[in-house]
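Worksheet for the structure shown next.
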Amino acid sequence: MRYDLVIFDNDGVLVDSEPISNRLLAAYLTELGHPTSYEDSIRDYMGSAMHRIHDLVGERTGQRLPAEFDETFHRRVFAAFERELEPVPGAVDVIAKLAADGVPYCVASSGSHERIRVGHRKTGLDRWFGEDRVFSSQDVGKGKPAPDLFLYAAERMGASPERCVVVEDSPLGVRAAVAAGMDVYGFTAMTPAARLAGATRLFSDLGQLADLLV
């Protein structure tokens, strides 16, 4: 293994949540008077922390989202997760192989700890991710594309940034990993390769990842 730590993004990489959450986000923003298509949501918000949604809507419209926005959105998302969420194909196998080989790994997500946990419980990934392997933008206060979250995860896991690789599917996440001085493998199952420019390498099938890392 060429790396001391594998850092996984969560949404879209481990759990197939991006179609669900972006569909609901687009609908909710539209409901609030900010017309947003599913494609708009993927382009503008995929991989971002909640504060970015507030920031972009404010910059574009001069209006603030309601105080209950985050709570309402998360309630809708969690309910949909319970009905629909599945692990990304190949996610369980690659984590199981890393664990069997003794390779350190963790998850570092723009989502809240609650969102990560709800998704992991529903998909069975919780057996692979104890509290010491789960990091959220909540822990650092500044989400991707800032490098803070990945640097924090590496520090907590005892790895030097240059010995880490990040597995990401969003442009914001790729930018954050590059800014952190880490290699980054861009997962193109949902995101066009051109949008992940800057990644160390690109791949489209999570089942290939374990072999690509060695």
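The aromatic rings of Tyr28 and Phe69 lie parallel to each other, with less than 30° between the two planes, well short of the 60° mark. Using a 30° and 60° split on the angle between ring planes, His74 and Phe78 fall in the parallel class, below 30°. By the 30° and 60° cut-offs, the orientation of the rings of Tyr152 relative to Phe135 is perpendicular.
Without hydrogens or angle criteria, Ser136 side chain to Gly111 main chain gives a donor-acceptor distance under 3.5 Å.
There is no side-chain donor-acceptor pair under 3.5 Å between Asn10 and Ser109. A side-chain N or O of Glu168 and one of Ser170 form a donor-acceptor pair less than 3.5 Å apart.
Under the 4.5 Å side-chain heavy-atom criterion for grouping Ile, Leu, Val, Met, Phe, Trp and Tyr, Phe187 is not connected to Leu172 through any hydrophobic cluster.
With contacts defined as side-chain heavy-atom distances shorter than 4.5 Å, the pair Val57/Tyr45 qualifies. Contact annotation: the side chain of Val167 approaches that of Leu209 to within less than 4.5 Å [non-hydrogen atoms, C-beta and beyond]. Within the 4.5 Å cutoff, the side chain of Leu98 has heavy atoms near those of the Phe8 side chain.
For the pair Arg201 and Tyr185, the cation-pi criterion (under 6.0 Å, within 45° of the ring axis) is fulfilled.
Distance check, rounded to the nearest 0.5 Å: CD of Glu84 to CZ of Arg23 gives 4.5 Å.
For the pair Arg43 and Asp40, the salt-bridge criterion is met [side-chain N within less than 4.0 Å of a carboxylate O].
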